[in-house]
Amino acid sequence: MSCIFCDIVAGSEKAEILVDDEKVLAFLDIRPFNYGHSLVIPKNHYENFSEVTEEDLFPMIKSVQEISKAIKSSLNADGFNVLSNNGAAAGQTIYHCHFHIIPRFTSDGFKFKMNLKEYSEDEMKEVAVKIKKYL
Ligand code: 5GP
Ligand code: ZN
């Protein structure tokens, strides 16, 4: 199956690369929310975050932190978002695990927090109990 991010890892597809480590590749997103919006991926192909092996997980997350700090400092950003879309319902369009790092500026006007729900006290407990059964 073809994967554009595997092609970038292989060098057969062009990208503006920031980090090329043994296990991790980071490059600029072709359609940025803000300039500097970057993607961090494990070089091995995993469809989503849940599938990444322990061996590849730490190098990826470590790289996310390093690159976030570099993006914030170099671009004088006021903050940054780190996010990973997993599954079509979450907006995933490329099925090779990746983290977005999006530099944010006080004046950029993006609103990620929309349609926030409210819990009753019981509902909050019920949801936590449900999740904890799987942990
Ligand atoms: P997703 O929607 O799966 O969370 O994120 C996929 C991201 O990959 C999108 O932000 C999209 O702009 C970016 N993208 C898609 N194709 C390419 C490509 O060929 N090169 C680069 N650099 N980014 C890409
Ligand atoms: Zn891939």
Side-chain angles (χ1 to χ4, degrees):
M1 218 183 68
S2 80
C3 168
I4 186 83
F5 287 180
C6 281
D7 291 345
I8 291 174
V9 170
S12 56
E13 191 67 42
K14 263 178 51 181
E16 197 58 49
I17 291 173
L18 299 173
V19 169
D20 185 352
D21 277 351
E22 188 196 340
K23 292 190 164 296
V24 178
L25 196 73
F27 49 92
L28 294 181
D29 193 304
I30 206 165
R31 294 287 315 277
F33 274 102
N34 278 324
Y35 285 176
H37 177 172
S38 301
L39 301 171
V40 182
I41 68 169
K43 282 189 170 174
N44 289 324
H45 181 91
Y46 303 99
E47 195 167 304
N48 57 48
F49 182 49
S50 309
E51 291 185 355
V52 179
T53 60
E54 233 175 278
E55 209 196 345
D56 281 342
L57 189 62
F58 182 67
M60 178 179 67
I61 295 296
K62 190 171 184 296
S63 196
V64 168
Q65 190 192 50
E66 278 171 9
I67 297 164
S68 299
K69 290 195 273 188
I71 286 174
K72 184 169 184 292
S73 299
S74 59
L75 303 178
N76 282 320
D78 301 309
F80 57 90
N81 292 103
V82 171
L83 64 99
S84 175
N85 300 322
N86 289 272
Q92 186 174 8
T93 57
I94 303 282
Y95 288 85
H96 179 131
C97 173
H98 54 280
F99 273 77
H100 295 256
I101 304 169
I102 304 169
R104 296 296 307 276
F105 300 89
T106 310
S107 59
D108 65 27
F110 294 132
K111 286 194 172 54
F112 283 107
K113 292 184 181 172
M114 293 187 301
N115 306 322
L116 300 182
K117 299 190 189 322
E118 283 182 26
Y119 285 116
S120 71
E121 211 172 293
D122 283 352
E123 283 168 332
M124 203 166 184
K125 255 203 174 58
E126 276 168 29
V127 172
V129 166
K130 226 181 235 180
I131 294 169
K132 285 199 277 187
K133 277 189 186 146
Y134 284 78
L135 292 173

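Scope of the values below: all heavy atoms of this structure, side chains included, with no hydrogens, waters or symmetry mates. All of these numbers come straight from a predicted model, not from anything done at the bench. Read the numbers this way: they start at 1 and go in the same order the structure lists the ligands and their atoms.
- Looking from atom 22 (N) of ligand 1 to the surrounding protein, the closest heavy atom is Leu28 O, 2.9 Å.
- For atom 15 (C) of ligand 1, the closest non-hydrogen atom of the protein is Ile94 CD1, 3.9 Å.
- Annotation: Asp29 places an N or O atom under 3.5 Å from an N or O atom of ligand 1; distance criterion only.
- Salt bridge annotation for Lys62-Glu66: present, with a cationic side-chain nitrogen under 4.0 angstrom from a carboxylate oxygen.
- Close approach of ligand 1 to Ile4 (heavy-atom distance below 4.0 Å) involves ligand atoms 19 (O).
- Classified by interplanar angle (parallel below 30°, tilted 30° to 60°, perpendicular above 60°), the ring pair Phe110/Phe33 is perpendicular.
- The protein atom (non-hydrogen) at minimum distance from atom 5 (O) of ligand 1 is His98 NE2, 2.9 Å.
- Between Gly91 and ligand 1, a contact under 3.5 Å exists for at least one N or O pair.
- Protein heavy atom in closest approach to atom 24 (C) of ligand 1: Ile30 CG2, 3.5 Å.
- Between Thr93 and ligand 1, at least one N/O pair is under 3.5 Å apart.
- Screening Val64, Ile67, Leu83 for a side chain to side chain contact (heavy atoms under 4.5 Å, CB included) involving Phe99 leaves a single residue, Val64.
- The N/O atoms of Gln92, backbone and side chain alike, include none that comes under 3.5 Å of an N/O atom in ligand 1.
- A salt bridge does not link Lys43 with Asp56: none of the charged nitrogens is closer than 4.0 Å to a carboxylate oxygen.
- Some N or O of His100 is nearer than 3.5 Å to an N or O of ligand 1, by distance alone.
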